Structure formats: structure tokens, C-alpha cells
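Remember, predicted model here, so these are calculated numbers, not experimental data. Numbers restart at 1 for each chain; the letters A, B, ... are given by sequence-line order, proteins then strands. The figures that follow rest on heavy atoms only: side chains count, while hydrogens, waters and symmetry mates do not.
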Number of protein chains: 2
Amino acid sequence: MCKSCGCSSRSRNFGNIERFVEPCILLLLSKENSMHGYGLLKGLEEHCGEKVDIGNLYRTLRRMEAIEWVKSEWNENDAGPDRRTYTITKEGSEYLEIAAQSLTNTDKLLHKFLDGYRNMNQNNKTL
Amino acid sequence: MCKSCGCSSRSRNFGNIERFVEPCILLLLSKENSMHGYGLLKGLEEHCGEKVDIGNLYRTLRRMEAIEWVKSEWNENDAGPDRRTYTITKEGSEYLEIAAQSLTNTDKLLHKFLDGYRNMNQNNKTL
DNA sequence: ACACATATATGTTAATATCATATACCTAAT
DNA sequence: ATTAGGTATATGATATTAACATATATGTGT
């Protein structure tokens, strides 16, 4: 049973935007200047409406650092475990722009579908 | 190098809506009553703006038939190879409605991001 | 001593998208 | 004749991702 929409598919996913969390992270880092992973977790849910798997988040952050969209450094934390603090890089900012363009296109596709769907329903009602 | 946006990621994908082709197929079948796979290929590109991999399309159609969102029958074709003609089922129509709701939500997420992105650029300009 | 929130990270697995390839029919040109 | 090209359906291989589980460790409150 599909988790996203409750449909009869045995899939776990439907309608997710692939790797959407990456531009969301970059946008948050652009606004907040620097954040640690656990803080991003909450920020993403509040600010971006993204529910994020914690394991997925940390792995994504390591991946993003590997390709130099973000950089990180360890900071001591008296109130708990030490934190790795992330900052966006120039490459990250460039990618954010590209991603925003790409997602604008995704948005157009979505609207084409949703308009088509509403249009169909409208026609059915007038029959 | 990412095909979708040209970014430095080694990924093949970014910004794709997962299994978006399924509701698109169902919408087309709702409007056209019945179509064969090869016809859907062209219809999806024109009507839905979806570029579809042909292998992916046929595999998706078989999957959708297995879970009974569509049904098919073979039709003879004098002008070429025989065709499997697909029709949407009641379950398929129900799923289309659910998918449309789910995608409306996806759309909201996207807008939240895009608004946030534009907002950030606006603030940067006024600095 | 124990539970709990904070904080980071890895192992495993199923599903998906992409690319390549295979098969077969019909028409038109060489 | 046979080759090329459009139509039509389908499968094999592979990389990537998302989801879920689990591990580790620190500080606070009971």
C-alpha cells in the first residue's frame, strides 16, 4: 500500500519530487547562513513543509559536501553532542539557481496535469 | 553530470516527480477512452508535456494492469504490428482522483519553495 | 540508574528511471 | 530481393534513491 496517497500500489512512494530536499537545504542555508543537520531537520519541516527522514538527511548532507555544494565544520556544543555546522558554497548557490529553474519547469508540468484533470471533471459535470 | 539540470551531481535525475507518468496515462485514458501504448507515448509528450522512455512506458502499463488500474486487449492492425489497447478501470479512475489530490499537495510544496526562493532573491537585491 | 531529547551516522532493501537491446510487422526505396 | 525506417511491444542490466532500522554518544531531568 502506497504511503503517500493510500492507493492500491505496493509502492512506498508517489508524487515525491526527486531530491527535492537538496534545493530546500540550500535555500535554508542561504537564508540562515549556517545550520547543523538536526536544525535543518526541523527547519525543513516548518519552512519548506518537507517531512525528512533523518538518515536520509545526514546522508544527503555528506553527499552535498562531497560535491562541494556545502562545507562543514565541527562545533563544540556544551548543551549536547558536538554539531557539524554547514555553510553553502558558491557552487551550492549556483546549483540552487539551476534547481529553481528546473523546479519552475516541474511546476509547469504539474499545472498542465492539474488543469487537464480539472478540465476533464468540468466536462463530465456538463454531460 | 545530471541530465535534468546540468549540475555537478553525478545523478541522472533531479526534480522528477516520481511515477508522474501513471496519473498522466490515466488522465489521457479518461479523455480518450482507449489507447494503445505507442499512441500514449505521443499523447503524453504532446498533451502532458511528459517525455517518456518507451521501455519505461510499457513496463509501467503492465504494472498498472497488474494492479488493475487499466485493462487491455489485443487488437489486430493491418497497417503494422498488432496493438494492445488499454482502457481505464473503476479502480484507475479512483486512483486518478487520489493522485490529483496528492499532486495538488506536491504543487503546494513546490510553490512554498519557489516563493521562498524568489523572496530570498528579492531581499538580496534590496541590500 | 533510567528515560528522553539532542546529534550524527551507517546497513539493508525495494522501487524506480534510464539506457540498451530484442523481436516483429508493414511500406517504400534501392 | 534486401535494406531501411516507422510502428509496436517487451525485457535485461544497472545506478540511484527513499525508507526503515539500527548504532553510538552527550547532556538533562527524575
Side-chain angles (χ1 to χ4, degrees), chain A residues 1-5 7-25 35-45 50-67 70 72-86 106, chain B residues 1-5 7 9-25 34-45 50-67 70 72-86 106:
Chain A
M1 230 262 285
C2 175
K3 297 280 174 59
S4 304
C5 67
C7 71
S8 61
S9 169
R10 81 281 70 151
S11 170
R12 291 167 298 159
N13 285 322
F14 165 76
N16 286 4
I17 300 166
E18 216 169 329
R19 290 174 53 204
F20 185 49
V21 75
E22 295 179 26
C24 287
I25 288 168
M35 284 180 97
H36 59 282
Y38 200 79
L40 280 165
L41 184 73
K42 276 113 199 281
L44 287 166
E45 279 165 21
E50 265 260 286
K51 52 158 186 43
V52 187
D53 176 77
I54 183 79
N56 195 18
L57 177 62
Y58 283 114
R59 198 133 32 185
T60 300
L61 283 168
R62 299 333 326 279
R63 208 194 325 155
M64 288 171 77
E65 182 157 29
I67 55 178
V70 296
S72 74
E73 55 178 21
W74 281 101
N75 286 112
E76 284 182 39
N77 177 22
D78 293 336
D82 286 356
R83 294 186 283 214
R84 197 192 276 274
T85 303
Y86 287 93
T106 304
Chain B
M1 229 263 284
C2 174
K3 296 280 174 59
S4 303
C5 66
C7 71
S9 168
R10 81 280 71 148
S11 170
R12 289 167 299 159
N13 286 322
F14 165 76
N16 287 4
I17 300 168
E18 217 169 329
R19 290 173 55 206
F20 184 48
V21 75
E22 296 179 25
C24 286
I25 288 168
S34 83
M35 284 179 97
H36 60 280
Y38 200 79
L40 281 165
L41 184 73
K42 275 114 199 278
L44 287 166
E45 278 165 21
E50 264 260 286
K51 52 160 185 42
V52 186
D53 176 77
I54 183 78
N56 193 21
L57 176 62
Y58 283 113
R59 200 135 29 188
T60 300
L61 283 168
R62 301 331 326 281
R63 209 197 321 159
M64 289 171 77
E65 183 157 27
I67 55 178
V70 296
S72 74
E73 54 178 23
W74 282 101
N75 286 112
E76 284 183 39
N77 178 21
D78 291 337
D82 287 354
R83 294 186 283 212
R84 197 193 276 273
T85 303
Y86 287 93
T106 303

OP1 or OP2 of dA8(D) sitting under 4.0 Å from any side-chain N/O of His36(B)? yes
Rounded to whole Å, how long is the line connecting atom CZ of Arg59(A) with atom P of dT13(C)? 13 Å
For dA7(C), take OP1 and OP2 only and decide whether either is under 4.0 Å from a side-chain N or O of Asn77(A). yes
Using whole Å, what does the distance between atom C1' of nucleotide dA8(D) and atom CG of Leu40(B) come to? 12 Å
Taking the side chain of Arg19(B) as heavy atoms from C-beta outward, which of dA8(D), dT16(C), dA10(D) is closest to it? dT16(C)
By nearest-heavy-atom nucleotide on DNA chain C, the more 5' of Ile17(B) and Gly55(B) is Ile17(B)
Of all the choices, dA7(C), dA9(C), dT7(D), which nucleotide is nearest to the side chain of Pro81(B) once you look at every atom? dT7(D)
Between Tyr58(B) and Tyr38(B) the two heavy atoms that sit nearest each other are OH-N, 3.4 Å
Could you check which of dA17(C), dA9(C), dA10(D) has an atom nearest any side-chain atom of Arg84(B)? dA10(D)
Base, sugar-phosphate alone, or nothing: which one does Leu41(B) contact when heavy atoms must sit under 4.0 Å apart? nothing
Tyr38(A) side chain: which of dT9(D), dA9(C), dA7(C) is closest? dA7(C)
Please report the distance, rounded to the nearest Å, between CG in Asp53(B) and P in dT9(D). 15 Å
Before you tell me yes or no, could you show the steps for Leu44(A) and Leu57(A) under side chain to side chain contact (heavy atoms under 4.5 Å, CB included), namely the whole-Å CA-CA distance, both residues' side-chain angles and the distance that decides it to 0.1 Å? CA-CA 10 Å; Leu44(A) 287 166; Leu57(A) 177 62; 3.9 Å; yes
Separation of Tyr58(A) atom OH from dT8(C) atom P, in whole Å? 4 Å
Can you see which heavy atom on Phe14(B) is nearest to which on Arg19(A), and at what distance? CE1-O, 3.5 Å
Any side-chain N or O of Arg63(B) less than 4.0 Å from the OP1 or OP2 oxygen of dT16(C)? yes
Expressed as a whole number of angstroms, how long is the span from Glu65(A):CD to dT8(C):C1'? 13 Å
Any Asn16(A) side-chain nitrogen or oxygen under 4.0 Å from OP1 or OP2 of dA19(D): yes
Distance, nearest 0.5 Å, that separates NE2 of His36(A) from CG of Asp82(A): 11.5 Å
Contact class for Leu61(A) vs. all strands (heavy atom < 4.0 Å): base, sugar-phosphate, or nothing? nothing
